[in-house]
Amino acid sequence: QVQPVESGGGLVQAGGSLRLSCAPSQVTFSSRVTAWFRQAPGKEREFVAGINWSGGSGWYADSVMGRFTISRDNAKKLVYLQMNSLEPEDTGVYYCAGGAFQSREKDHYAEWGQGTQVTVSS
């Protein structure tokens with residue numbers, strides 16, 4: 001596996017929930033942070049949430065704080081993004097990314113998955 005693999009996207013009504021999963025390509029010193037980004041049509045890819053494999057809680061974009069939760073399963077080497085109280089503005093392609101240090105900048109992440117579509121209807 002040479003890149004992260006995402007799953008769990010879909011169509012949901014506003015107010016609903018979805019859980020995304022990410023299997024990072026490798027959990028090594030060079031990829032010790034996993035983050036979620038999203039991209040809506042015609043917009044820049046933006047940071048959503050990130051987590052460090054060595055410990056600690058996640059960090060979030062202001063727009064999802066209190067609604068989304070990022071977590072990890074070290075044994076399974078999986079990262080989850082639980083998304084509650086979804087809004088139409090959350091619609092986009094969600095990407096899992098691997099990086100070497102904590103950052104909200106997409107250019108700091110070297111590994112990217114293919115993305116999974118999340119659509120929230122009003």
Side-chain angles (χ1 to χ4, degrees):
Q1 183 179 335
V2 296
Q3 65 184 50
V5 177
E6 307 96 337
S7 62
L11 172 64
V12 64
Q13 288 189 331
S17 298
L18 280 175
R19 189 178 78 160
L20 306 182
S21 298
C22 172
S25 60
Q26 57 183 355
V27 182
T28 65
F29 181 81
S30 64
S31 302
R32 59 184 179 182
V33 169
T34 296
W36 288 96
F37 286 75
R38 67 187 180 188
Q39 188 166 17
K43 293 189 176 182
E44 291 287 322
R45 191 171 299 188
E46 64 176 2
F47 170 80
V48 175
I51 195 164
N52 192 318
W53 283 93
S54 62
S57 58
W59 63 96
Y60 301 89
D62 290 344
S63 59
V64 306
M65 184 76 71
R67 299 188 299 122
F68 291 11
T69 302
I70 190 170
S71 61
R72 65 183 180 273
D73 185 327
N74 287 43
K76 295 182 179 179
K77 290 186 171 55
L78 290 173
V79 171
Y80 303 103
L81 184 67
Q82 178 67 44
M83 305 185 294
N84 298 329
S85 301
L86 282 162
E87 304 167 352
E89 292 74 21
D90 295 316
T91 294
V93 178
Y94 282 67
Y95 297 91
C96 180
F101 56 90
Q102 182 174 327
S103 174
R104 297 168 183 258
E105 300 296 326
K106 61 182 184 296
D107 291 341
H108 293 164
Y109 290 83
E111 301 175 347
W112 291 89
Q114 294 295 315
T116 185
Q117 177 69 44
V118 171
T119 303
V120 184
S121 62
S122 57

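Not measured: the values here are computed from a predicted model.
A distance of 8.5 Å separates CD in Gln82 from CG in Leu18, rounded to the nearest 0.5 Å. Taken to the nearest 0.5 Å, the CD atom of Gln3 stands 8.5 Å off from the OG atom of Ser25. To the nearest 0.5 Å, the span separating SG on Cys22 from OH on Tyr95 amounts to 13.5 Å. For the atom pair OG (Ser57) and CZ (Arg72), the distance works out to 8.5 Å, reported to the nearest 0.5 Å. Summarising the geometry, atom CZ belonging to Arg45 is positioned 10.5 Å from atom CG belonging to Asp107; distances are rounded to the nearest 0.5 Å. Here CZ of Phe47 is found 11.0 Å from CZ of Arg38. Values are rounded to the nearest 0.5 Å.
Linking Ile, Leu, Val, Met, Phe, Trp and Tyr whenever their side-chain heavy atoms come within less than 4.5 Å leaves Phe101 and Val48 in two separate clusters. Both Trp53 and Ile51 belong to a common hydrophobic cluster when Ile, Leu, Val, Met, Phe, Trp and Tyr are linked at side-chain heavy-atom distances under 4.5 angstrom. Linking ILVMFWY side-chain heavy atoms closer than 4.5 Å, directly or via other members, places Val120 and Met65 in a single hydrophobic cluster. Cluster membership for Tyr94 and Val12, using ILVMFWY side-chain heavy atoms within less than 4.5 angstrom, is shared. Linking ILVMFWY side-chain heavy atoms closer than 4.5 Å, directly or via other members, places Val5 and Leu78 in two distinct hydrophobic clusters.
Considering only heavy atoms from C-beta on, Thr91 comes within 4.5 Å of Gln117 through its side chain. Looking at Tyr80 and Thr69, their side chains never come closer than 4.5 Å, going by heavy atoms from C-beta outward. Looking at Met83 and Val118, their side chains come closer than 4.5 Å, going by heavy atoms from C-beta outward.
At least one donor-acceptor pair under 3.5 Å links the side chain of Glu6 to the backbone N or O of Gln114.
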CA sep, side-chain torsions, deciding dist, call: Thr34, Cys96, side chain to side chain contact (heavy atoms under 4.5 Å, CB included):
CA-CA 7 Å; Thr34 296; Cys96 180; 3.6 Å; yes
List the steps and the verdict of side chain to side chain contact (heavy atoms under 4.5 Å, CB included) for Phe68 and Trp36.
CA-CA 11 Å; Phe68 291 11; Trp36 288 96; over 6 Å; no
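The nearest pair of heavy atoms linking Asn84 to Ser17 is OD1-OG, 2.9 Å. Closest approach of Ala49 and Leu81 over heavy atoms only: CB-CD1, 4.1 Å. Contact record, Glu105 with Ser103: N-OG, 2.9 Å, taken as the closest heavy-atom pair. Val33 and Gln102 make their closest contact through CG2-N, 3.8 Å (heavy atoms, listed as atom of the first residue, atom of the second, distance).
Within 6.0 Å of the CD atom in Glu46, the count of heavy atoms belonging to other residues, nucleotides or ligands exceeds 12.
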